[in-house]
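One structure is given below, encoded as structure tokens.
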Amino acid sequence: METVRIGEFGRHVGAEVRVQGWLHNKRSSGKLQFLIVRDGSGFAQAVMAKAAVPEAAWGAGERAGQESAIALTGKVKEDKRAPGGFEIDVTGLELCQEVHDYPITPKEHGPAFLLENRHLWLRSQRQHAILRVRHAVVKAVRDYLDDNGYTLVDTPIFTPAACEGTTTLFGVDYFDEGQAYLTQSGQLYNEATAAAHGKVYCFGPTFRAEKSKTRRHLTEFWMVEPEIAWAHLEDALKLAEGLVCHVVQYVLDKRREELKVLERDTARLEKVKAPFPWLHYDDAIKLIQSKGSQTAWGSDFGGTDETVIAEAYETPVIVHRFPAAIKAFYMEPDPENPVYSLSADILAPEGYGEIVGGGERMSSYDGLVQRLREHELPESAFQWYLDLRKYGSVPHAGFGMGIERVVTWLCGIEHLRETIAFPRMLYRIYP
RNA sequence: UCCUCAGUAGCUCAAGGGUAGAGCAUCCGGCUGUUAACCGGAGGGUUGUAGGUUCGAAUCCUACCUGAGGAGCCA
């Protein structure tokens, strides 16, 4: 008899198959047992009638508690009453491991308890759906960049001292070399590989030792960072816009069921179409001040400011030309007014905040040396980076997109921590 | 680092100075279409820790610990 995954039931209607999985929940009714079984590909209700199965199978069903490992055989049939549209009429049931004290019950639980049991919480229908959306986002990102001529060149996770100021870096011992740090961005290295490959991206984990304790922060998160040689701010944002649209479309296309499980209102996602509006930093400040924000010109936006800006639009919005003073040392100044930098953020709708941040990188050797000094960064550590301006320097630009923030937005959920299998946060590193 | 809130059964919560309770989970029993199934029964507690006030503290006070949300900063 063929072993079939629940997600493939549609191709096996009428056939007797074997299903291997775990008992998600159970209801019984004297001579009938309703076993909700999950096997990783989906959830299905198995109906076992006492008269239709051997006594041992019936007893196994009665004994099996939540998350018992079970293998069952039965006939697949369509049934509108069943969630998922399919049901299986059980002919045999084997209890592979009997479980009686699974901690996560069908009732509500608090976040602390669920995070403590994250290794088990992952099995829930909601968490299963979120991580499948995440996978789709990752695939869509890779496909889009690969199909547009970008080469994946991953950048190092260990970085030498003082790459961008050390306050928000995690330090590690690196043999006789002394202190090394976990990367907080692959961008500087991307600039080197972009000069080798033209269009590149890196995609990996990023570490920030900020003591941020909000629903928008993790200490370890994943970021995709494209970098383009011979490109300006507008080129990078054009790519970001196309990337965001493709990711949204792909998830709408391939993860409809999961979004339904998450009760996501997809109407808002359907409206995400290029072109995104461009809003100058000055106009963004005027906008939020007119809505009562205390944020002054020259400051970065707060969380509520971002929400106010995003609420003015249906699609994501591009805020550009932040004051150079509040951006990183490597930002190219706006040639029309060097008070501003050629930088931009993309803010997601519905208050999900910044999902993309990027800009044009400084291409002048002298300019970069000056900025390093202004930021009191050690020039010696940046010799290789300065070399890029010495040997064939060209205009180049790129951006970083935070995967967890995008997944949070697409899933329409409250907290970033649910979008990664094992979130790392300020006060949590277990499990 | 700062601000706010919360720690009572395995979990979610109630009891706000006078005998510590419910739902879920667990165990036992009932029910042939259940949808967080339902019905009946049972077991389950050093009320986060330490000190204090009081005849009496889960409840009031102090300190600490742990967690959650937010601010700053960021993706």
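Treat the numbers as computed from the prediction; the structure is a model and nothing was measured.
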#### Entry: Short side-chain N/O contact from His415(A) to OP1 or OP2 of rG69(B), under 4.0 Å
yes

### Message
Check this one for me: any side-chain N or O of Arg216(A) less than 4.0 Å away from OP1 or OP2 of rA71(B)?
### Response
yes

### Task
Between rG21(B) and rU8(B), how far apart are the C1' atoms? Round to whole Å, please.
10 Å

## Note on the structure
By nearest-nucleotide position on RNA chain B, the 5'-leaning member of Asp345(A) and Leu115(A) is Leu115(A)

## Note on the structure
Result for 5'-nearest mapping on RNA chain B, choosing between Glu220(A) and Asp89(A), is Asp89(A)

### Task
Have a look at Ile104(A) and say if it touches a base, only the backbone sugar-phosphate, or nothing, with a 4.0 Å heavy-atom cut-off.
nothing

### Query
In whole Å, what separates the C1' atom of rG33(B) from that of rA68(B)?
41 Å

### Query
What nucleic acid atoms does Ser28(A) come within less than 4.0 Å of, heavy atoms only: base, sugar-phosphate, or nothing?
base

### Message
Roughly how many Å apart are rG41(B) and rU59(B), using the C1' atom of each and rounding to a whole number?
### Response
33 Å

### Task
Have a look at rG48(B) and give me syn or anti from its glycosidic angle (syn if within 90° of zero).
anti

### Query
Taking the side chain of Leu32(A) as its heavy atoms from C-beta onward, which of rU34(B), rA75(B), rU32(B) lies nearest to it?
rU32(B)

### Query
So what does Val406(A) hit on the nucleic acid, given a heavy-atom distance under 4.0 Å: a base, only sugar-phosphate, or nothing?
nothing

### Query
Taking the same atom, P, in rA14(B) and in rG48(B), what whole-Å distance lies between them?
13 Å

### Query
Reckon Glu87(A) touches a base, only the sugar-phosphate, or nothing at all at heavy-atom distances under 4.0 Å?
base

### Plane angle bin for Trp384(A) and Tyr189(A) - parallel if under 30°, tilted between 30 and 60°, otherwise perpendicular
parallel

### Query
Any idea which of rA75(B), rG33(B), rA36(B) is nearest the Arg405(A) side chain?
rA75(B)

### Query
What nucleotide among rU32(B), rA25(B), rA75(B) has an atom nearest to a side-chain atom of Lys31(A)?
rU32(B)

### Task
May I ask you to evaluate whether Arg417(A) reaches the phosphate of rG69(B), defined as a side-chain N or O under 4.0 Å from OP1 or OP2?
yes

### Task
Find the distance between CD (Glu241(A)) and NZ (Lys273(A)) and round it off to the nearest 0.5 Å.
12.5 Å

### Task
Assign Ala49(A) to base, sugar-phosphate, or nothing according to its heavy-atom contacts below 4.0 angstrom with the strands shown.
nothing

### Query
If you look at every strand shown and take non-hydrogen atoms under 4.0 Å, does His217(A) touch a base, only sugar-phosphate, or nothing?
base

### Query
Taking C-beta and beyond as the side chain, do Thr266(A) and Arg256(A) meet within less than 4.5 Å on heavy atoms?
yes

### Task
May I have all residue pairs that pass salt bridge (charged side-chain N to carboxylate O under 4.0 Å, His left out) and include part of residues 131-144 of chain A, sequence neighbours excluded?
Arg132(A)-Glu258(A), Arg134(A)-Glu404(A), Lys139(A)-Asp143(A)

### Task
Please tell me if the side chains of Phe86(A) and Ile88(A) come closer than 4.5 Å, counting only heavy atoms from C-beta onward.
no

### Task
Both distances under 3.5 Å, Watson-Crick or G-U wobble: report the partner of rA71(B), or none.
rU1(B)

### Query
Base, sugar-phosphate alone, or nothing: which one does Phe113(A) contact when heavy atoms must sit under 4.0 Å apart?
sugar-phosphate

### Side chain of Thr105(A) - closest among rC27(B), rC24(B), rA75(B)
rC24(B)

### Message
Under 3.5 Å, is there a donor on one side chain and an acceptor on the other for Tyr430(A) and Glu116(A)?
### Response
no

## Note on the structure
Regarding the side chain of Asn25(A), the nearest nucleotide among rA36(B), rA71(B), rG67(B) is rA36(B)

#### Entry: Paired nucleotide for rG7(B) [Watson-Crick or G-U wobble; both distances under 3.5 Å]
rC65(B)

### Summary
Using Watson-Crick geometry (N1-N3 plus N6-O4 or O6-N4) or G-U wobble (N1-O2, O6-N3), each under 3.5 Å, rG18(B) is paired with rC55(B)

### Message
With rounding to the closest Å, how many angstrom separate the P atoms on rG56(B) and rG18(B)?
### Response
14 Å

### Query
What interatomic distance, in whole Å, is found between P of rG44(B) and the corresponding atom of rG7(B)?
25 Å

### Query
Phe221(A) on top of rA75(B)'s base, within under 5.5 Å and under 30°?
yes

### Task
Select base, sugar-phosphate, or nothing to describe what Leu218(A) touches, counting heavy atoms under 4.0 Å on all strands.
base

### Message
Can a donor-acceptor pair be found, under 3.5 Å and without considering hydrogens, that links the side chain of Arg118(A) to the backbone of Ala421(A)?
### Response
yes

## Note on the structure
Pairing partner of rA42(B), by Watson-Crick or G-U wobble and under 3.5 Å for both distances, is rU26(B)

### Message
Can you check the distance between rG29(B) and rA36(B), where both ends of the measurement are the P atom (answer in whole Å)?
### Response
26 Å

